[in-house]
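Values below: all heavy atoms of this structure, side chains included; hydrogens, waters and symmetry mates excluded. So that the names make sense, note that chain A is the first sequence line, chain B the second, and so on, each numbered from 1.
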Protein chains: 2
Amino acid sequence: MKEGKPATIKEIAKRLKISPSTVSRALNDHPSIGLVTTMRVKKVAAELNYEPNQTAIFFKQRKTFTVGVVLPSLSEPFFSAAISEIENVASEKNYTVIMGQSLDDADREMRILQTLKTHRVDGVLMSIGKNTQNYPFIELMESAGIPIVFFDCVPDIENIHKVYCDLETGMLEAIDRFVSCGHHAISLINGPARLLASMEREKAYRKGLSKHSIPFKEEYMVNTDLTPEGNEAAILQLLALSDRPSAVVSFNDYVAMDVMKAVRKRGVALNQDIHFISYANYPLWKYIENPPMASIEQFPGDQGRKAAELLFQLIETTEGREPTKITFHSRLVNPG
Amino acid sequence: MKEGKPATIKEIAKRLKISPSTVSRALNDHPSIGLVTTMRVKKVAAELNYEPNQTAIFFKQRKTFTVGVVLPSLSEPFFSAAISEIENVASEKNYTVIMGQSLDDADREMRILQTLKTHRVDGVLMSIGKNTQNYPFIELMESAGIPIVFFDCVPDIENIHKVYCDLETGMLEAIDRFVSCGHHAISLINGPARLLASMEREKAYRKGLSKHSIPFKEEYMVNTDLTPEGNEAAILQLLALSDRPSAVVSFNDYVAMDVMKAVRKRGVALNQDIHFISYANYPLWKYIENPPMASIEQFPGDQGRKAAELLFQLIETTEGREPTKITFHSRLVNPG
DNA sequence: CTGTTAGCGCCTTCAC
DNA sequence: GTGAAGGCGCTAACAG
């Protein structure tokens, strides 16, 4: 039952008393091999349960048919959706996926990339962590000739391939919606100020307000460090205001959940006294008793798919390509 | 910046006018190489930016330092927790992780295993899908000499390595809890009857009841196909009973969420008219307004870690080992 | 301590 | 159409 060694080309050559090269060609349907020999070879191959030794092929072809995926966390539904699509694209192309979670740790991120490099992956897809400030890995991968495509959480520099979601459109739609429901006291609970993602939200928020001629009020924009405590602190800051906002856009759904929990605890009525819209649109909203008024969808699956497709293009064209930038537009949707 | 070819051992040998084997040994800190030569070699290696070609090493050593992980879905928090721990163990051991989602599709499962085999992974960790009835892949992997360890959702056969969570203890604790709160009309919303997981729950449920001398009532045990519709239908069946149960154990948290939603919709008061306990203990409960009374923890992370550790043992011992069975015991905990 | 030789399994010129 | 030979990069006998 247990075959010590899998069959090799040589053995089937020996059996047929022909040369290994002929066998190799036959197995690869090389045109110059006679149909009969090809058949005979394949028959014996099947009998011997022959399977090509991929490691040998990888070695020879200088290609591993493997791509690496690096992202902050697998447990976030957002990234799950992305990696799922990535895997679909990869398996269509007969590539396998090696993955690593950075857990928002820049060192760990770098280590993962190193590993991927020594494993000679053919390409890398990456969404950087919140704490990643500089990007040594870009040069690392480039010097190794390994293409890398960033998605969703992308470095704020040019000359790289990236796929991401423009946060502005969703924010504008959110504010439109709030305004059309009669809200004018609209807050933003933003993430850490240094994050690109936060800066974009703020910019869009200001733009949305001014579009409706609502003046920007300092005290309506608060920041959270994205911890549960920070999230709670942020909403308390808003609730304490004499002119408490009636509508809030929050950084993402996790923030929204903490915030809504805190609101509930204080006896403020959700979707009555105060209304929420947040980014991400996590699937679990449909189970919640009082879900937010709306969500801003960021299309993780589509981003993942596009990024993967782009990566495979880069892998297939040996030439160094122009940096490509693909943008999705966030959109307001019903939660869940 | 971009080096066409990475440096090889040969080149650094040539530079130093020594033999490649010496270089190889030096780089691997072989004891028989003089300290000076070792130093010189390493110095030149660093200068040339040498990095060993893993594909060559894999090829030569007949080992890829890669393990495959196959599970139904990455997006379930349960499996995320497991794979996260698996990855931790793997990276401690300097292994990388290739993963595939079966999406509960038996064919896809088989295809993933095939791919893992051709990629010559050193071992496989697997949690089988709900629809997997027979296990051709066991023989497949065995004939290739690739050890496989199952975890959580494991085949119902002997002679395999498995790590799983005994569901009984948690069920007994749940029923104890219900009874001590004065409940005697205790229902079970179970999964598809053919699932091993369902059979175990039923058995434990019956045992728990009889422990408290509560007679088993047919109409108190209903099944769901685990779809949202099925879940709703199941609870409606219970609610329609003249002697409606006041306490329900449900198959898992997804079922519980659907069920609780349905209950809410009909104006039955959660945690008052009717109480729930379910398996899994998903982290999101802490955000829910009326969470279940308790959850049954199945320790996905611990299962993943143990399974991985076992797999690495198997990989390291060339000998075919006795089938190992490691059991965790589910436990009642506060949700979230 | 170091060098020589050989070979992992496959593919690919180059000959015939 | 087929065979022989060589080599990918590295390691591991076997010699010195």
>> Taking the side chain as everything from C-beta on, heavy atoms only, tell me whether H119(A) gets closer than 4.5 Å to T66(B).
In response: yes
>> Quick test of your reading of the model: are K306(A) and E309(A) salt-bridged, counting only N-O distances below 4.0 Å?
In response: yes
> For dA12(D), does OP1 or OP2 lie under 4.0 Å from any side-chain N or O of Q61(B)?
Replying inline: yes
> Is there a stack between F59(B) and dC8(C), judged by ring centres under 5.5 Å and planes under 30°?
Replying inline: yes
> Closest nucleotide of DNA chain C for K10(A) versus for S24(A): which of these residues is on the 5' side?
Replying inline: K10(A)
>> Which residues in residues 25-34 of chain B have a heavy atom closer than 4.0 Å to any atom of DNA chain C?
In response: R25(B), S32(B), I33(B), G34(B)
>> Measure CG/L16(A) against P/dG1(D) and give the value in whole Å, please.
In response: 18 Å
>> Looking at F65(B), I'd like to know if the NZ or CZ of K63(B) sits under 6.0 Å from its six-membered ring centre while staying within 45 degrees of the ring's axis.
In response: yes
> After noting the C-alpha distance and the side-chain angles of N131(A) and R194(A), does the key distance pass the side chain to side chain contact (heavy atoms under 4.5 Å, CB included) rule?
Replying inline: CA-CA 10 Å; N131(A) 304 313; R194(A) 66 177 167 70; 3.4 Å; yes
> So do the side chains of R15(A) and K10(A) get within less than 4.5 Å of each other, counting heavy atoms only?
Replying inline: no
> Base, sugar-phosphate alone, or nothing: which one does F58(B) contact when heavy atoms must sit under 4.0 Å apart?
Replying inline: nothing
> Atom CD of Q54(A) and atom P of dC8(D): how far apart are they, to the nearest Å?
Replying inline: 21 Å
> When the distance from CG of N53(B) to P of dG7(D) is rounded to whole Å, what number comes out?
Replying inline: 18 Å
> Do the side chains of V124(A) and F137(A) get nearer than 4.5 Å, heavy atoms only?
Replying inline: no
>> Does any part of the side chain of K42(B), heavy atoms only, come nearer than 4.5 Å to the side chain of D29(B), both counted from C-beta?
In response: yes
> When you check the phosphate oxygens OP1 and OP2 of dG3(D), does a side-chain N or O of T22(A) lie under 4.0 Å from one of them?
Replying inline: yes
> To the nearest angstrom, how far is R120(B) atom CZ from dC10(C) atom P?
Replying inline: 8 Å
>> Can you measure E51(A) atom CD to dG9(C) atom P for me and round it to whole angstrom units?
In response: 14 Å
> Between atom CZ in R62(B) and atom P in dC10(D), what is the gap in whole Å?
Replying inline: 18 Å
> Starting at NZ of K17(B) and ending at P of dT4(C), how long is that distance when rounded to a whole Å?
Replying inline: 14 Å
>> If the cut-off is 4.0 Å, is K60(B) near the phosphate of dG9(C), judged by side-chain N/O to OP1 or OP2?
In response: no
>> Please classify the nucleic acid contact of T55(A) as base, sugar-phosphate, or nothing, using heavy-atom distances under 4.0 Å.
In response: nothing
> Under 4.0 Å: is that the gap between some side-chain N or O of S21(B) and OP1 or OP2 of dT4(C)?
Replying inline: no
> Rounded to whole angstroms, how far apart are NZ on K14(A) and P on dC10(C)?
Replying inline: 13 Å
> Counting any heavy atom closer than 4.0 Å, what does P52(B) reach on the DNA or RNA strands: base, sugar-phosphate only, or nothing?
Replying inline: sugar-phosphate
